[in-house]
Structures are given as structure tokens and as C-alpha cells.
Asker: 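Submitted below is the structure of interest, expressed as C-alpha cells.
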Amino acid sequence: GACMVLINGNPSPSCITSVNAVAGKEVTTIEGLEINGKLHAVQEAFLTTDAFQCSYCASGMIMSAVSLLKNNPSPSEDAIIKAMDRNICRCGTYPFIIKAIQLASKSK
């Protein structure tokens, strides 16, 4: 899940998605979340909760979380875990990631 981007708002691994598959579709990368110098609420929450360790998984986790909160603004912990299942954190910061997503859901 480290290469996750949003294709028409849905998380998709860019590393195994062909260019032809995204022709005419909206593709959002981690860099595309910032608006006028302001980070997305999920990005801010990841910083606030210290969800980053090595940051290998960070962009993929954030992109999946953004999609989750767009579709479910107040997810339960179980819903968060299910939505993040495709993303692996090598450092094991899952509790902090869940906390960050919960925090971001409250800041919307």
C-alpha cells in the first residue's frame, strides 16, 4: 500500500496500475492533498499523533485514510481497520495510525 493514490477518489496502488487504466480519470497523489499551503486534515493528524516512524507507509496510509473519511466521515475503529487492511506498516505504528484517522474524522 505504500504506492497508494486515489483514482476517482478510490485508493489504488499506482505501482501496479497501468497508465491506460487511468486515462480520463482523476488521479490524486499525496502531493495533491495540500491546498493553498494547508495540509489535509489527515496529514495534520498523522503529524499530531506521531503516526510516522520510518514513513515508508505514510503516503499510502494517508491516501487510504482520506478515501475512507470521504466515504465514511465518522468510521468506527473496526471500519478503520478494515479500510486500512491493504496497507502495511513495517514499524507497527497501527495504534497511532488509527488514532490519527479518528482525530482527522473529528476535525472535518
Side-chain angles (χ1 to χ4, degrees):
C3 65
M4 206 66 69
V5 297
L6 301 180
I7 300 174
N8 288 343
N10 298 308
S12 183
S14 64
C15 51
I16 60 170
T17 303
S18 71
V19 173
N20 289 338
V22 297
K25 297 179 181 175
E26 179 183 344
V27 178
T28 306
T29 65
I30 188 78
E31 295 84 4
L33 296 178
E34 170 270 329
I35 297 174
N36 296 324
K38 184 170 174 21
L39 295 177
H40 188 280
V42 175
Q43 292 171 306
E44 288 287 350
F46 267 65
L47 290 170
T48 300
T49 61
D50 293 323
F52 298 116
Q53 289 290 318
C54 75
S55 296
Y56 178 80
C57 70
S59 62
M61 290 285 186
I62 289 170
M63 298 308 286
S64 292
V66 166
S67 178
L68 166 65
L69 294 179
K70 181 180 177 189
N71 295 311
N72 182 355
S74 299
S76 66
E77 186 170 331
D78 287 341
I80 293 170
I81 291 168
K82 184 176 179 183
M84 304 305 288
D85 190 49
R86 293 173 61 188
N87 299 76
I88 297 171
C89 174
R90 296 173 3 164
C91 300
T93 64
Y94 297 109
F96 296 99
I97 292 166
I98 292 168
K99 185 177 175 183
I101 296 168
Q102 290 169 329
L103 178 62
S105 74
K106 294 175 185 159
S107 68
K108 294 191 137 228

Asker: Using 0.5 Å steps for rounding, measure from the OG atom of Ser105 to the CG atom of Asn72.
Answerer: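 Separation between the atoms: 9.0 Å.
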Asker: Looking at Ala58, is its backbone amide N or carbonyl O close enough to the side chain of Ser55 to form a donor-acceptor pair, meaning the two atoms are under 3.5 Å apart?
Answerer: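 Looks like no, no N/O pair under 3.5 Å.
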Asker: Rounded to the nearest 0.5 Å, how far apart are OG1 of Thr48 and NZ of Lys99?
Answerer: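 Atom-to-atom, Thr48:OG1 and Lys99:NZ are 9.5 Å apart.
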Asker: Do Glu77 and Gln102 have side-chain heavy atoms sitting under 4.5 Å apart?
Answerer: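 A side-chain contact exists here, since the closest heavy-atom pair is under 4.5 Å.
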Asker: Enter the distance from Cys89:SG to Met84:CE here, rounded to the nearest 0.5 Å.
Answerer: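 One gets 10.0 Å once the value is rounded to the nearest 0.5 Å.
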Asker: With a 2.5 Å cut-off on the SG atoms, do Cys54 and Cys91 make it?
Answerer: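 The answer is no, since Cys91 and Cys54 keep their SG atoms 2.5 Å or more apart.
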Asker: Do side-chain atoms of Ser67 reach the backbone of Ser64 as a donor and acceptor pair under 3.5 angstrom?
Answerer: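 Checking the backbone N and O of Ser64 against the side chain of Ser67, no donor-acceptor pair under 3.5 Å is found.
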Asker: Counting only N and O atoms by type, is there a donor-acceptor contact under 3.5 Å from the side chain of Thr93 to the main-chain atoms of Ala51?
Answerer: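 Yes.
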Asker: Just by distance, do the side chain of Asn8 and the backbone of Lys25 share a donor-acceptor pair under 3.5 Å?
Answerer: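 No; zero donor-acceptor contacts below 3.5 Å.
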Asker: Take a 6.0 Å sphere around CZ of Phe96 and say whether it holds more than 12 heavy atoms from other residues, nucleotides or ligands.
Answerer: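 Atom CZ in Phe96 is not packed in, count stays at 12 or less.
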Asker: Hey, what do you get for CD1 (Ile62) to CG (Leu6), rounding to the nearest 0.5 Å?
Answerer: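 Going from the CD1 atom of Ile62 to the CG atom of Leu6 covers 11.5 Å.
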Asker: Find the distance between CD (Glu34) and OG1 (Thr29) and round it off to the nearest 0.5 Å.
Answerer: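 Nearest 0.5 Å value for the CD-OG1 distance: 10.5 Å.
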Asker: Kindly give the heavy-atom pair with the smallest separation between Arg86 and Pro13, and that separation in Å.
Answerer: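 So the two residues come closest at NH2-CD, 2.9 Å.
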Asker: Is any side-chain heavy atom of Ile30 closer than 4.5 Å to one of Gln43?
Answerer: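 They are in contact (side-chain heavy atoms under 4.5 Å apart), so the answer is yes.
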Asker: Taking C-beta and beyond as the side chain, do Leu47 and Leu39 meet within less than 4.5 Å on heavy atoms?
Answerer: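 Side chain of Leu47 against side chain of Leu39, heavy atoms only: contact under 4.5 Å found.
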Asker: If you define the side chain from C-beta out and look only at heavy atoms, does anything of Ile97 sit under 4.5 Å from Phe46?
Answerer: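 In short, these two side chains touch, coming nearer than 4.5 Å.
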Asker: Would you give the length of the straight line joining atom CE of Met61 to atom CD1 of Ile98, rounded to the nearest 0.5 angstrom?
Answerer: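 One finds 9.5 Å between CE of Met61 and CD1 of Ile98.
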Asker: Please report the closest heavy-atom contact between Ser14 and Cys3, naming both atoms and the distance.
Answerer: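 That would be OG-O, 2.8 Å.
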Asker: Does CD1 belonging to Ile88 count more than 12 external heavy atoms closer than 6.0 Å?
Answerer: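 At most 12 heavy atoms, drawn from other residues, nucleotides or ligands, come within 6.0 Å of this atom.
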Asker: Decide side chain to side chain contact (heavy atoms under 4.5 Å, CB included) for Met63 and Leu33; before the verdict, give the C-alpha distance in whole Å, the side-chain angles of both, and the deciding distance to 0.1 Å.
Answerer: CA-CA 9 Å; Met63 298 308 286; Leu33 296 178; 3.6 Å; yes
